Amino acid sequence: MTDTVRVRFAPSPTGYLHLGGARTALFNWLFARQHKGTFILRIEDTDIERSSDAMVQGILEGMHWLGLDPDEGPFFQSSFVEQHRAAARRLIEAGRAYYDFTPKQPPRDRTVKEQIPDRTRAQALIGKERNPYRDLPLEEAARRIEAGEPAAIRLKVPEEGVSRFEDLVYGTQERDYSDIEDLVLIRSDGHPLYNLSVVVDDIEMRITHVIRGQDHLTNTHKQVLIYEALGVALPQFAHLPLIFAPGREKLSKRKHGEVVSVTTYRDRGFVSDALVNFLALLGWSPGSDKEIMTRQELIEKFSLEGVHKAAAIFNFNESKEDSFPQDARDWTDPKALWMNGEYIRSMPIEELTSMVAKEFKKAGLWSDGYETDKREWFAQTVDLLRARYRAITDFSALGRPYFTDDFEYEEAAVKKNLKDERLKELLPGLAERLASIDEFTHDAAEAVLRNYAEENGVKAGLLINAARTALTGQSVGPGMFDIMIALGQKRTVERLRQAVALL
RNA sequence: GCCGCUAUAGUGUAAGUGGUUAACACGCAGGCCUCUCACGCCUGAGAUUACGGGUUCGAGCCCCGUUAGCGGUACCA
């Protein structure tokens with residue numbers, strides 16, 4: 001069983017789980033499931049200052065909601081630093097790495113990224129100078145270390161040749177050794193650095209496929225070098241295209257805020273299967289026209305070959321970015337919203353009602369009767385509403401009038417449907433007629449209303465639309481007589497009588 | 001700066017080894033349904049396949065160049 005697939009998702013806990021990370025986790029998970037392999041979660045927390053426990057919790061929470069619980073882990077990279085140091089020592093002994101006694105550069109005001117051009121320009125001026133400590137005899141280095149002199153450990157990158165590896169998505173990757181610096185493995189304060197840590201951990205965890213964001217593509221060469229120096233066979237690499245915001249820029253927690261956080265989708269009424277389905281299609285295609293897929297179908301159809309190379313734009317409404325989260329309707333990618341609605345209207349009703357139940361408990365709309373004597377009614381009403389909702393939260397917000405008498409009348413609706421003077425007389429009259437029905441059914445209610453309209457010489461539509469607003473406070477909704485049945489005779493009559501006050 | 005990756009309607013993606021009207025989904029517009037909205041159904045607009053060369057009878061697919069975007073380039077991850 002040596003070739004059992006083992007993959008990992010290795011986020012750094014510098015923020016909540018965002019869509020990009022979620023997509024990476026999902027692809028790893030799909031790959032593992034498809035191959036009956038193991039999905040591992042490893043938190044890359046070696047940068048202690050930027051890591052926090054709350055962030056780790058956030059990531060776990062997001063993954064759990066998405067149904068991507070790891071088979072192993074979470075492991076914390078920080079707990080393996082001894083292994084990392086040991087690996088570095090082995091490389092020193094093998095002559096594949098060396099101690100660098102160059103004093104550490106003090107941090108500057110500008111960000112490191114901004115300094116890079118300067119650095120290379122300076123280097124160009126002096127010519128590609130080799131690190132003076134690269135060939136320092138080990139005995140002398142050991143002596144200086146013994147004396148307490150601080151030193152970083154750098155990898156000895158070969159001077160000539162090319163690094164090469166096969167990427168399952170991007171194909172053959174080559175990079176000249178001369179373009180790779182002798183990277184630092186261990187800081188002079190003994191702190192192991194990322195490239196060393198990942199490699200050591202991936203070896204330790206017997207990772208067979210490294211599936212991660214494309215932002216790691218060029219650095220993979222450095223890792224390949226470390227694998228080789230360590231004398232360990234390479235895993236397979238597969239890099240995933242990045243996900244951009246509408247402006248073609250990388251998704252960022254800082255800049256794009258809550259719209260990119262997975263938990264936002266949970267809190268705003270997304271069905272996790274729908275989000276998973278949507279995310280799966282961001283950068284991957286099953287090769288067929290079928291886009292709505294269950295988890296099982298995704299697992300079966302997923303393949304690294306179907307992964308796209310170009311970055312995908314997550315098309316959320318950027319113009320409304322600042323006002324987030326006020327925009328209740330079109331706050332995120334329209335296709336994601338559509339897909340969520342698709343799930344809401346096509347999933348088994350029992351599944352839907354249990355999600356709505358959870359939402360109602362949170363919103364204070366829950367009644368225990370919905371699980372007992374009114375169970376049937378609850379399911380029917382949810383079913384009646386689902387075709388026009390796109391989020392679970394719509395049931396508690398837009399659907400409120402169907403479940404409680406404590407609801408608001410929308411001003412625009414009142415203005416539109418209750419402005420006709422004749423309604424002052426007609427509505428109470430209609431209420432009495434409806435009250436006198438023995439068996440309050442859809443057809444009976446309809447017959448009463450239409451007759452009443454005819455008797456009074458008004459169009460049925462006038463009464464129907466007025467009644468909708470009188471009963472729900474809204475101008476849109478299900479068919480009028482379905483609403484009446486959902487509300488029941490008593491509440492229908494009551495609300496119709498009370499509506500006079502609005503005229 | 002240097003190195004690398006990418007480029008198909010507004011967005012997500014299709015288009016076996018080059019083969020003719022570039023397909024599907026979302027979105028958008030119009031229509032049908034109807035008491036409203038949504039769903040559903042129908043129709044439509046929207047692409048000189050980033051640009052320029054080349055190979056070929058034939059290029060979205062192959063080659064070269066250009067441009068743009070992005071990523072990396074750190075004693076960050």
Side-chain angles (χ1 to χ4, degrees), chain A residues 10-14 44-47 49-51 77 100 102-105 107 111-113 115-121 123-124 150-154 167 170 173-176 178-181 183-189 191 193-195 197-198 213-222 239 241-242 244 246 248-250 278 281-292 306 308-315 333-339 341-342 345 385-390 413 416-417 446 449-450 459-469 474-481:
Chain A
S12 54
T14 52
E44 314 248 295
D45 60 342
T46 45
D47 189 349
E49 301 86 56
R50 297 205 317 196
S51 305
Q77 188 156 69
D100 179 5
T102 312
K104 187 183 172 188
Q105 297 291 319
T111 70
V112 198
K113 267 213 153 112
Q115 294 174 35
I116 287 165
D118 299 357
R119 220 168 73 97
T120 43
R121 223 164 292 142
Q123 234 162 38
I153 297 179
R154 284 184 187 271
D167 189 274
Y170 288 92
Q173 297 296 308
E174 289 184 8
R175 200 177 172 197
D176 236 274
S178 58
D179 291 325
I180 306 173
E181 270 193 321
L183 58 142
V184 172
L185 266 15
I186 305 276
R187 260 198 242 161
S188 48
D189 62 5
H191 186 95
L193 259 19
Y194 174 72
N195 285 114
S197 300
V198 240
Q214 191 251 19
D215 47 344
H216 291 282
L217 190 59
T218 28
N219 276 335
T220 303
H221 290 283
K222 295 178 180 173
H239 287 86
L242 297 180
F244 288 156
R248 291 210 146 273
E249 54 190 355
K250 207 174 159 185
F278 175 76
L281 261 16
L282 232 43
W284 171 74
S285 163
S288 70
D289 282 347
K290 194 174 182 212
E291 295 202 319
I292 301 289
H308 232 237
K309 294 190 180 91
I313 294 177
F314 176 61
N315 199 20
D333 193 307
K335 188 161 181 175
L337 252 10
W338 164 80
M339 197 171 274
E342 188 65 29
R345 75 181 77 97
L385 262 10
R386 79 208 285 201
R388 61 211 88 221
Y389 292 168
R390 295 188 301 179
K416 183 181 173 206
N417 292 328
E446 176 159 14
L449 185 140
R450 289 194 188 278
K459 289 175 97 175
L462 175 73
L463 290 180
I464 289 173
N465 287 322
R468 176 177 291 106
T469 300
Q474 299 166 357
S475 62
V476 300
M480 192 50 239
F481 306 104

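Nothing here was measured: the structure is a model prediction, and the numbers come from that model. So that the names make sense, note that chain A is the first sequence line, chain B the second, and so on, each numbered from 1.
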Visitor: With C1' as the reference atom in both, quote the distance from B:G4 to B:A9 in angstrom, rounded to an integer.
Guide: 29 Å
Visitor: Need one value for A:L242: base, sugar-phosphate or nothing, where a base atom within 4.0 Å counts as base even if backbone is also close, heavy atoms only.
Guide: sugar-phosphate
Visitor: B:G12 base to A:E291 side chain: any donor-acceptor pair below 3.5 Å?
Guide: yes
Visitor: On RNA chain B, check which nucleotide each of A:Y389 and A:M480 is closest to and give me the residue with the more 5' one.
Guide: A:M480
Visitor: When rounded to the nearest 0.5 angstrom, what is the spacing between NZ in A:K104 and OG in A:S188?
Guide: 6.0 Å
Visitor: The side chain of A:N315 lies closest to which of these nucleotides: B:A77, B:U11, B:G71?
Guide: B:U11
Visitor: Expressed in whole Å, how much space separates the C1' atoms belonging to B:C51 and B:A59?
Guide: 16 Å
Visitor: Pairing check on B:A47: which nucleotide meets the Watson-Crick or G-U wobble criteria with it, both distances under 3.5 Å?
Guide: none
Visitor: Base, sugar-phosphate alone, or nothing: which one does A:F278 contact when heavy atoms must sit under 4.0 Å apart?
Guide: nothing
Visitor: Heavy atoms only, 4.0 Å cut-off, all strands: where does A:Y170 land among base, sugar-phosphate and nothing?
Guide: sugar-phosphate
Visitor: Side chain of A:Q214, heavy atoms from C-beta onward: which of B:C5, B:U13, B:A7 has the nearest atom to it?
Guide: B:C5
Visitor: Please classify the nucleic acid contact of A:R468 as base, sugar-phosphate, or nothing, using heavy-atom distances under 4.0 Å.
Guide: base
Visitor: Watson-Crick or G-U wobble partner for B:C5, using a 3.5 Å limit on both distances?
Guide: B:G69
Visitor: Tell me which nucleotide among B:C37, B:C75, B:C26 gets nearest to the side chain of A:K335.
Guide: B:C26
Visitor: Between A:R187 and A:D189, does any NZ, NE, NH1 or NH2 come within less than 4.0 Å of an OD or OE carboxylate oxygen?
Guide: yes
Visitor: Considering only side-chain heavy atoms of A:N465, which listed nucleotide, B:C35, B:A77, B:C76, is closest?
Guide: B:C35
Visitor: Does A:R388 get its side chain close enough to the base of B:C39, under 3.5 Å, for a donor-acceptor pair?
Guide: no
Visitor: Does OP1 or OP2 of B:U6 have a side-chain N or O of A:H239 closer than 4.0 Å?
Guide: no
Visitor: On a plain distance test, is the side chain of A:R248 in donor-acceptor contact with the base of B:C70 below 3.5 Å?
Guide: no
Visitor: Which nucleotide, B:C75, B:C35, B:U13, lies nearest any side-chain atom of A:I464?
Guide: B:C35
Visitor: Which nucleotide in the set B:G4, B:G72, B:C70 lies at the smallest distance from any side-chain heavy atom of A:F244?
Guide: B:C70
Visitor: If you assign each of A:P334 and A:D215 to its closest nucleotide in RNA chain B, which residue comes earlier from the 5' end?
Guide: A:P334
Visitor: Quote, to the nearest angstrom, the P distance that separates B:C70 from B:G31.
Guide: 42 Å
Visitor: How far does the C1' atom of B:G54 sit from the matching atom of B:G18, given to the nearest Å?
Guide: 15 Å
Visitor: Please determine, for B:G40, whether a Watson-Crick or G-U wobble partner exists with both distances under 3.5 Å, and give it or none.
Guide: B:C32
Visitor: Using atom types as modelled and distance alone, determine if a side-chain donor or acceptor of A:R468 lies under 3.5 Å from a backbone N or O of A:P478.
Guide: yes
Visitor: Please report the distance separating the P of B:G60 from the corresponding atom of B:A23, rounded so that it comes out in whole Å.
Guide: 14 Å
Visitor: Ignoring the backbone of A:A310, work out which of B:C5, B:C70, B:A7 is nearest its side chain.
Guide: B:A7
Visitor: Between B:C62 and B:U8, how many Å separate the two P atoms, rounded to a whole number?
Guide: 14 Å
Visitor: Roughly how far apart, to the nearest Å, are B:C57 and B:G71 at atom C1'?
Guide: 42 Å
Visitor: Report yes if the side chains of A:Y194 and A:K222 come closer than 4.5 Å at any heavy-atom pair, otherwise no.
Guide: no
Visitor: Examine the base of B:C75 for any acceptor or donor lying under 3.5 Å from a partner atom in the side chain of A:S188, and report the outcome as yes or no.
Guide: yes
Visitor: Choosing from B:G4, B:U13, B:G40, which nucleotide comes nearest the side chain of A:E342?
Guide: B:G40
Visitor: Can you identify which nucleotide, out of B:G71, B:G27, B:C39, has its nearest atom closest to the A:K250 side chain?
Guide: B:G71
Visitor: Please pick, from B:A38, B:G27, B:G4, the nucleotide with the shortest atom-to-atom distance to any side-chain atom of A:T218.
Guide: B:G4
